[in-house]
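Hydrogens, waters and symmetry mates play no part in the numbers below; they use all other heavy atoms, side chains included. Please read these numbers as outputs of a predicted model, since none were measured by experiment.
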Amino acid sequence: MEQVPVGSRVLDVGCGAGLFLLLLARQGRVDKGYGFDVAAPAIQAAQRAARDSGLADCLDFQVRSIEDGIPSGPWNVVSVVDVIHHVPSPHQRSFVASLCDRVPVGGRLIIKDMVSRPYWRALANQMHDLVLARQWVHHVGPDQVDAWVESHGLRRIYNSRIDRWWYGHWTMVYERPSL
């Protein structure tokens, strides 16, 4: 969250129940936030939470299919948290490219996802998504994502890895440099 500058306009792709945007707004980091997800119940929960928290004026949550594309807007931060592994492998590279296309000069792209190595952690993540999301997911490693993003002119400014219990997560933050 500290990688989101105060007063940002944030697009959260695959926002689920809106937790990331809600936390950012509570910290005063979001001037305007737009989150979308394919899951209507999750979006209803996000809308309710924004309303109940008094944040509905700065946060907008909508049901939107990824097939509709990633919306254009005045975003200076694009975030995608635990989504890439839900995208089928043949479409992951183009999905990442579409994220990059929405980042303006000086803007940031924040990607957090699950590890693909070591194998036992990836398997734990796989089983978690199979049970909870009822979906067989497709992990992609941070090195591959890094290569895809950097080929679109963004440069990495931050990376981290967190292993907790049997889960493993990685986060990378990119910035589009001035011309």
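- You'll find the side chain of V145 stays beyond 4.5 Å of the side chain of D113, heavy atoms only.
- Counting heavy atoms from C-beta on, the side chains of L109 and C100 come closer than 4.5 Å.
- Partners of Y34 by ring-ring contact (aromatic ring centres under 6.0 Å, His included), not counting sequence neighbours, listed by chain and number: W75.
- Between S151 and R93, the shortest heavy-atom contact is OG-NH2, 4.4 Å.
- Nearest heavy atoms, G7 versus D31: O-CB, 3.4 Å.
- Closest approach of G35 to C15, counting heavy atoms only: C-SG, 3.5 Å.
- To the nearest 0.5 angstrom, I111 atom CD1 is 10.0 Å from T171 atom OG1.
- The heavy-atom pair separating V103 from R176 by the smallest distance is O-NE, 2.7 Å.
- When hydrophobic clusters are built by joining Ile, Leu, Val, Met, Phe, Trp and Tyr residues whose side-chain heavy atoms come closer than 4.5 Å, directly or via intermediates, V149 is not grouped with V173.
- In this structure the side chain of V63 never reaches within 4.5 angstrom of the side chain of V38, judged on heavy atoms.
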Could you pull out all donor-acceptor pairs under 3.5 Å where a side-chain atom in residues 41-61 meets a protein atom, sequence neighbours excluded?
from, atom 1, to, atom 2, distance (Å)
Q47, NE2, F61, O, 2.8
S53, OG, A49, O, 2.8
D60, OD1, Q62, NE2, 2.8

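- L19 and F36 sit in two unconnected hydrophobic clusters of ILVMFWY residues. Membership requires side-chain heavy atoms under 4.5 Å apart, directly or through other members.
- D82 is listed as a side-chain neighbour of K112, based on a closest heavy-atom distance under 4.5 Å.
- Residues L21 and V13 fall into different hydrophobic clusters, defined by Ile, Leu, Val, Met, Phe, Trp and Tyr side chains chained together at heavy-atom separations under 4.5 Å.
- By the 4.5 Å heavy-atom criterion applied to side chains, V77 and I110 are counted as neighbours.
- Taken together through direct or relayed side-chain contacts under 4.5 Å among Ile, Leu, Val, Met, Phe, Trp and Tyr, Y174 and V96 form part of one hydrophobic cluster.
- Considering only heavy atoms from C-beta on, V4 comes within 4.5 Å of F20 through its side chain.
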Item to check | Residue pair R156, D146: steps toward the side chain to side chain contact (heavy atoms under 4.5 Å, CB included) verdict | outcome: CA-CA 8 Å; R156 184 167 26 97; D146 194 49; 3.0 Å; yes
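- The cluster map of Ile, Leu, Val, Met, Phe, Trp and Tyr, joined by side-chain heavy atoms under 4.5 Å apart, puts V78 and V81 in different clusters.
- A heavy-atom distance below 4.5 Å is found between the side chains of I84 and F95.
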Item to check | CA sep, side-chain torsions, deciding dist, call: R64, D37, salt bridge (Lys or Arg N to Asp or Glu O under 4.0 Å) | outcome: CA-CA 6 Å; R64 182 181 177 101; D37 200 285; over 6 Å; no
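- Remark: the backbone N or O of G107 is not paired with any side-chain donor or acceptor of E175 at under 3.5 angstrom.
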Item to check | Residue pair R155, E150: steps toward the salt bridge (Lys or Arg N to Asp or Glu O under 4.0 Å) verdict | outcome: CA-CA 6 Å; R155 65 179 174 81; E150 290 190 350; over 6 Å; no
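- One finds the CE atom of M1 at 6.0 Å from the CG atom of L24 (value rounded to the nearest 0.5 Å).
- Here the OG atom belonging to S8 is positioned 14.5 Å from the NZ atom belonging to K32, to the nearest 0.5 angstrom.
- Proximity of E2 to Y158: side-chain heavy atoms (C-beta onward) are separated by under 4.5 Å at one or more points.
- Looking at R29, its side chain never comes within 3.5 Å of a backbone N or O of L23 through a donor-acceptor pair.
- Listed for the S65 side chain is a donor-acceptor partner under 3.5 Å among the backbone atoms of E67.
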